[in-house]
Asker: 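Dropping a structure here in C-alpha cells format, bear with me for questions.
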Amino acid sequence: MSDTITKDLVIIGSGPGGYVGAIYAARKGLKVSLIEKRWLGGTCLNAGCIPTKALIKAVEVYDEAKNSSKFGIDIEGVTANWPNIQNQKIKVTDSLRQGIDMLLAKNGVDLIRGEGSFAKNGTILVSSVEGNKTLISKHIIIATGAKTKHLRIPGIDLPVVIDSEQILSLKSMPTSLTIIGGGVIGMEFAFIFGRLGVKVTVIEFLPQILPMVDLDIVQRLTRYAKMANITVITNAAVLSIMQNDNGMAIVKYRQNDAEKSVESEVVLEAVGRIPELNNLGLENINITLAKNGGIQVDSQMRTNVENIYAIGDCTNLVQLAHVASHQAFVAVDNILGIPTKMDYNFIPSVIFTSPEIATVGKSEKNLQDAGISYQVSKIPYGSNGKALILNQPIGFVKLLRETESKKLVGASAFGVEANALIATLTVALNNNLSVSDIKKTIFAHPTLSEIIHDSALALDNEAIHFFE
Ligand code: FAD
Ligand code: NAI
C-alpha cells in the first residue's frame, strides 16, 4: 500500500538539525513532515551529546562523594554502580525524547517513521514496516547526520572493538579500555572511564590529542589525564588488533619507528564521523558532494538542486548539535524568503573533559598560522573566590586581542563550568564588544564570571586579582 502526502516542507532526519527545523517551520505556518528511520532526536539525543553528558554528571557526583571530606563531609563506601548510572542516563534521554515528540505534535508536525529516499526532485519515498508512503513537497531539507568512520586495519571487526554508540550501552564497566583517536569523542570517554577507575590508554595519530585545541591547554589536560588513570600515546599509528586466548584485545601500533602494543578488555574506535548518505537516492537528483564527503551547500544551506537544502553533520562542515540547529533556522528562513546566511566565525565549542575546555572564535594557533599579531591574557581560576569555594582552582580563562585592530578575536575557558563562561564570551565576541565594554560590565560576586572581567583588565595590564 502506498499513500501520497503533499506538504510545504519535508525534512529527512530528526536530529538537532531536523527536529528544530521542523518545529521552527511549523511555527512559521508551513505544513511540515519530518521523516525518521531510527530514533527521534538523532545521534545527539540518543547516542551523543545527551547520554555522554549524563554519564559525565554521574562521574562528577562520584568524584565529589569520594572527595567530600575536603568539605568536612565524611561519606563511607562510595561506589560507582554502572547499571544504575545507565538507568539515570536512560531516564534523561527518554524524558527529552518524549519532550520532542510532544513539541512536534503541539506544533502540528507530521512525524513519519521510516527511511526516506529521493525518487526525483520533490518526491520522497518513505519505506517502513508499516508500508510505504510517497511525499510530495516543494521544499526538502536533508538532515541525515553522520556515522562512525572505520579504520581499515586487521582486527577492526573483532567483537572487542566498539564505537561511541556501543560503549554507551556496555552491560558492565570494563577493567581496561584502549581508545583509538584522541579527538573529542576519544577524550570525553577517556575521562568518563578513567575517572571511574578503568585503566585507559589513548592512541592518537598526530603529535597532540585534540589537535584543534591550543597546546597550553592540551599540555595541562594531559597532566590531569594522567591523574585520571589515562595514558596518552601520541604520534602513534595503529597497525592491527588481535584477541588473545583470554579474550583480551591486543592493539599493535607504531611509534617512532618502534612497534609496540597495549592490552585491554575493550577497544573504542573514535577516529571521526562521516556523513550518513546511504540509501538516500541522492543519485536520482544529482546532488553534488563536497570534497569533505558531505553534501555541498552554500552559506544559505542550499544544495546545487533547487529547493533542496542540507544541514547538520551530513554537510560535514562543523559536527556540532548547536550548529545543526542554527543551520536549520537559516535554511527555513531562506525557504520562507527571508535571505539569511550562516556565519561560522563565533561558534562556541565545549569539550567535556575534566577540566572542561570551551572555546570561541580564533585560537592562538589560528592566529599564528595566519601571521596575525595578537595580545593574550590568561587569568587562572586559582585567583577567583568562587573557584576556591568549589575546590576547583584549576585552569584559566584566556582572551585574544588582535594587536592592530584592538578587536577581541578569540577566547577560551579551561576549568570548571567553562561551558557557562563561554556563553558570555560568545555574546561578547559575536556582538563585537570591545575589551573596554567588558571592563565596564559589572560581574556578580562571588562568581566564576569575574575571571572574564579580570581577563579583560589583564589585556591592559590592569588585572586586580592576579599579577605575572
Ligand atoms: P543527527 O543527530 O545524527 O540526526 C540525524 C537523524 O537522521 C538520525 O536520527 C538518523 O536516524 C536519521 N536518518 C538518517 N538517514 C535517514 C533516512 N534516509 N531517512 C530517515 N531518517 C534518517 N555535539 C555537540 O554539540 N555537543 C556535544 O556534547 C556532542 N557530543 C557528542 C558525543 C558523541 C559520542 C557523538 C557521537 C556526537 C556528539 N556531538 C556533540 C555531535 C552531535 O551529536 C552532532 O553534531 C549532531 O547530532 C548532528 O545533528 P544532525 O541533526 O545533523 O544529525
Ligand atoms: P575527531 O575528528 O574530533 O577526532 C578524531 C581523532 O582521531 C583525531 O585526533 C585524529 O587525529 C585521530 N585519528 C584519526 N585516525 C587515527 C588513527 N588511525 N590512529 C589514531 N588516531 C587517529 O572525531 P571524533 O572524536 O570521532 O568526534 C567526531 C565529532 O563529533 C567531533 O569532531 C565533534 O565535532 C563531535 N563531538 C562533539 C562533542 C562536543 O561538542 N563536546 C563531543 C563528541 C563529539
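Indexing begins at 1, ligand by ligand and atom by atom, following the structure's order. All residue numbers in this chain count up from 1 along the given sequence.
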Asker: Identify, by atom number and element, the atoms of ligand 2 in contact range of P211, meaning under 4.0 Å from any of its heavy atoms.
Answerer: 9 (O)

Asker: Does any N or O of ligand 1 fall below 3.5 Å from an N or O anywhere on A321, backbone included?
Answerer: yes

Asker: Hey, is T144 touching ligand 1 through its side chain, its backbone, both or neither, going by heavy atoms under 4.0 Å?
Answerer: both

Asker: Flag this pair as yes if the NZ/CZ of K378 is under 6.0 angstrom from the six-membered ring centre of F396 and inside a 45 degree cone about the axis; otherwise no.
Answerer: yes

Asker: If the cut-off is 4.0 Å to any non-hydrogen atom of L151, which atoms of ligand 2 fall inside it?
Answerer: 18 (N)

Asker: Number the atoms of ligand 2 from 1 as they appear, then name those within less than 4.0 Å of a heavy atom of L206, with their elements.
Answerer: 11 (O)

Asker: Using 30° and 60° as the class limits, which term best fits the ring planes of W82 and F193: parallel, tilted or perpendicular?
Answerer: tilted

Asker: Looking at ligand 2, would A270 count as a contact under a 4.0 Å heavy-atom criterion?
Answerer: yes

Asker: Heavy-atom pairs closer than 4.0 Å: do any link ligand 2 to the side chain of E188, the backbone, both, or neither?
Answerer: side chain

Asker: Among I233, I203, V184, whose heavy atom sits nearest atom 38 (C) of ligand 2?
Answerer: V184

Asker: Could you work out, for atom 13 (N) of ligand 2, the closest of I209, N235, V271, V350 by heavy-atom distance?
Answerer: V271

Asker: Any nitrogen or oxygen of T43 lying under 3.5 Å from a nitrogen or oxygen in ligand 1? Just yes or no.
Answerer: yes

